[in-house]
Student: 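Handing you this structure, nothing more for now.
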Amino acid sequence: MDLLNKYTSLITLITVITGWIIVNWQNNKREERKELRSSLNDIIESIEQLEEDATRYHGSLERNLSLEKSITLKITRLSARIRYLRFESPSLKSRFIELKKSITLDNFETNRFIQQPPESDLIDGLSFASDQLKDCLEDEFSKLYRGPLRYRLSAAIRNFLRSCKP
């Protein structure tokens, strides 16, 4: 009888510890999701601001050097902020590159600057690339937290292994 009481106490202790571990893990995941969502919202606002600045730059009467520098700096910062999210998606990388190209490839940092009308292909392409990047970011977030279990599990394992590296 004494042996049964010891096993019962041990099982109770293991159950309590296991329950605490599970609850703690779920709370940490929820907090991580909230932080990521907040960062994602900030990044989307940055993309919209970058699109607005680039549209204003390309629509201006003449080349604006200070706005060029500001846009270039915002692109660099946006890249770092997107990397912070740790989404491992080739599609996301290509969407960011497309946005950067749509802003800086034509009519940017050149002495042959030409004012672009609001309905120009350059402005339309810029808006399209911006929307594509925002959609891709939202899709990655959705897959990570609302996607199939296998995708969420593999992403959690990748993030765990990445966090273990020095």
Side-chain angles (χ1 to χ4, degrees), residues 27-166:
N27 284 337
N28 289 342
K29 290 300 288 180
R30 185 179 67 242
E31 290 301 316
E32 179 183 335
R33 184 181 67 241
K34 286 167 59 177
E35 286 177 23
L36 193 62
R37 180 76 246 178
S38 177
S39 293
L40 185 59
N41 288 341
D42 291 344
I43 288 170
I44 287 173
E45 285 179 28
S46 296
I47 292 169
E48 290 170 351
Q49 182 63 47
L50 180 62
E51 178 186 358
E52 204 174 284
D53 289 350
T55 301
R56 192 177 60 212
Y57 171 81
H58 288 293
S60 63
L61 293 172
E62 58 186 27
R63 184 177 175 198
N64 185 337
L65 296 174
S66 64
L67 193 52
E68 277 179 7
K69 286 183 181 184
S70 173
I71 289 170
T72 304
L73 183 61
K74 285 180 181 182
I75 290 171
T76 304
R77 288 180 180 162
L78 180 62
S79 174
R81 293 175 78 190
I82 289 174
R83 278 194 311 273
Y84 167 77
L85 296 176
R86 293 180 281 159
F87 291 153
E88 297 295 323
S89 167
S91 174
L92 181 61
K93 291 175 185 176
S94 69
R95 298 285 188 237
F96 177 77
I97 291 169
E98 288 302 314
L99 176 63
K100 184 177 176 181
K101 283 181 182 178
S102 72
I103 294 170
T104 63
L105 192 59
D106 297 319
N107 204 41
F108 193 80
E109 294 181 332
T110 181
N111 291 329
R112 297 177 311 227
F113 179 86
I114 300 170
Q115 180 183 16
Q116 301 294 312
E119 66 278 349
S120 72
D121 289 342
L122 195 145
I123 302 293
D124 287 344
L126 193 151
S127 295
F128 180 74
S130 172
D131 289 342
Q132 290 292 311
L133 179 58
K134 290 186 287 189
D135 290 345
C136 190
L137 285 165
E138 289 289 352
D139 188 48
E140 286 299 313
F141 179 82
S142 181
K143 279 192 241 177
L144 188 59
Y145 289 103
R146 296 182 190 101
L149 179 62
R150 65 181 166 76
Y151 187 87
R152 289 183 291 160
L153 189 58
S154 67
I157 291 169
R158 270 194 320 272
N159 287 338
F160 173 75
L161 292 175
R162 193 176 308 117
S163 70
C164 291
K165 290 182 182 178

Student: Identify the heavy atoms of Phe113 and Ser60 that sit nearest to each other, and give their distance.
Tutor: CE2-O, 3.4 Å

Student: Are Glu98 and Arg95 within salt-bridge range, i.e. N to O under 4.0 Å?
Tutor: no

Student: Given side-chain hydrogen bond (donor to acceptor under 3.5 Å, both in side chains), test Asp53 with Gln49 step by step and report yes or no.
Tutor: CA-CA 6 Å; Asp53 289 350; Gln49 182 63 47; 2.9 Å; yes

Student: Taking the inter-plane angle between the rings of Phe108 and His58 on a 0 to 90° scale, is it parallel (under 30°), tilted (30 to 60°) or perpendicular (over 60°)?
Tutor: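 The rings of Phe108 and His58 sit tilted, inter-plane angle from 30° to 60°.
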
Student: Can you name the closest pair of heavy atoms from Pro118 and Asp124 and give their distance?
Tutor: O-OD1, 4.1 Å

Student: side-chain hydrogen bond (donor to acceptor under 3.5 Å, both in side chains), that's the test. Do Arg81 and Ser46 meet it? Break it down for me.
Tutor: CA-CA 10 Å; Arg81 293 175 78 190; Ser46 296; 2.6 Å; yes

Student: Salt bridge (Lys or Arg N to Asp or Glu O under 4.0 Å) with Arg83: which residues, sequence neighbours excluded?
Tutor: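 Salt bridge (Lys or Arg N to Asp or Glu O under 4.0 Å) list for Arg83, sorted by chain: empty.
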
Student: Quick check for you: to the nearest 0.5 Å, what is the distance between Asp42 atom CG and Leu78 atom CG?
Tutor: 11.5 Å

Student: Answer yes or no: are there more than 12 heavy-atom neighbours, outside Lys29 itself, under 6.0 Å from its atom NZ?
Tutor: yes

Student: Under the 3.5 angstrom rule, does the side chain of Ser38 hit a backbone N or O of Lys34 as a donor-acceptor pair?
Tutor: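 Such a contact is absent between Ser38 side chain and Lys34 backbone.
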
Student: Using a strict cut-off of less than 4.0 Å between a Lys/Arg side-chain nitrogen and an Asp/Glu carboxylate oxygen, indicate whether Arg37 and Glu138 qualify as a salt bridge.
Tutor: yes

Student: Is it the case that Asn27 and Glu31 place a side-chain donor and acceptor less than 3.5 Å from each other?
Tutor: no

Student: Which atoms form the tightest heavy-atom contact between Glu51 and Lys134, and what is the distance?
Tutor: OE1-NZ, 4.3 Å

Student: What distance do Asp106 atom CG and Gln116 atom CD have between them, rounded to the nearest 0.5 Å?
Tutor: 8.5 Å

Student: Rounded at 0.5 Å granularity, tell me how far OG1 in Thr76 sits from CD1 in Ile71.
Tutor: 12.0 Å

Student: Could I get the full list of ring pair (Phe, Tyr, Trp, His ring centres under 6.0 Å) partners for Phe141, not counting sequence neighbours?
Tutor: Tyr145

Student: Are Leu133 and Ile82 packed together at the side-chain level, in the sense that at least one heavy-atom pair is separated by less than 4.5 angstrom?
Tutor: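 Leu133 reaches Ile82 side chain to side chain.
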
Student: Take a 6.0 Å sphere around NZ of Lys100 and say whether it holds more than 12 heavy atoms from other residues, nucleotides or ligands.
Tutor: no

Student: Do Arg56 and Asn64 have side chains that get closer than 4.5 Å, going by heavy atoms?
Tutor: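 No, every pair of side-chain atoms sits at 4.5 Å or beyond.
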
Student: What distance do Cys136 atom SG and Asp131 atom CG have between them, rounded to the nearest 0.5 Å?
Tutor: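 With rounding to 0.5 Å, SG (Cys136) is 12.5 Å from CG (Asp131).
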
Student: What's the separation between atom CG in Leu50 and atom OG1 in Thr72, rounded to the nearest 0.5 Å?
Tutor: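 Between Leu50 CG and Thr72 OG1, I get 9.5 Å after rounding to 0.5 Å.
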
Student: Heavy-atom count check: over 12 atoms from other residues, nucleotides or ligands less than 6.0 Å from Glu119 CD?
Tutor: yes

Student: Pro117 and Ile123: which non-hydrogen atoms are nearest, and at how many Å?
Tutor: O-CG1, 3.7 Å

Student: Could you tell me which non-hydrogen atom of Asn107 sits nearest to which non-hydrogen atom of Tyr57, and how far apart they are?
Tutor: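 Closest heavy-atom pair between Asn107 and Tyr57: O-CE2, 3.5 Å.
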
Student: Answer whether the closest heavy-atom distance between the side chains of Thr104 and Glu109 falls below 4.5 Å.
Tutor: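 They are not in contact (no side-chain heavy atoms under 4.5 Å apart), so the answer is no.
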
Student: Compare every heavy atom of Leu126 with every heavy atom of Ser102, then report the nearest pair and how far apart it is.
Tutor: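 Minimum heavy-atom separation between Ser102 and Leu126: OG-CA, 3.6 Å.
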
Student: For Lys143, does the NZ atom sit with more than 12 other heavy atoms under 6.0 Å from it, leaving out its own atoms?
Tutor: yes

Student: Would you check if the side chain of Ser70 reaches a backbone N or O of Ser66 as a donor-acceptor pair within less than 3.5 Å?
Tutor: no

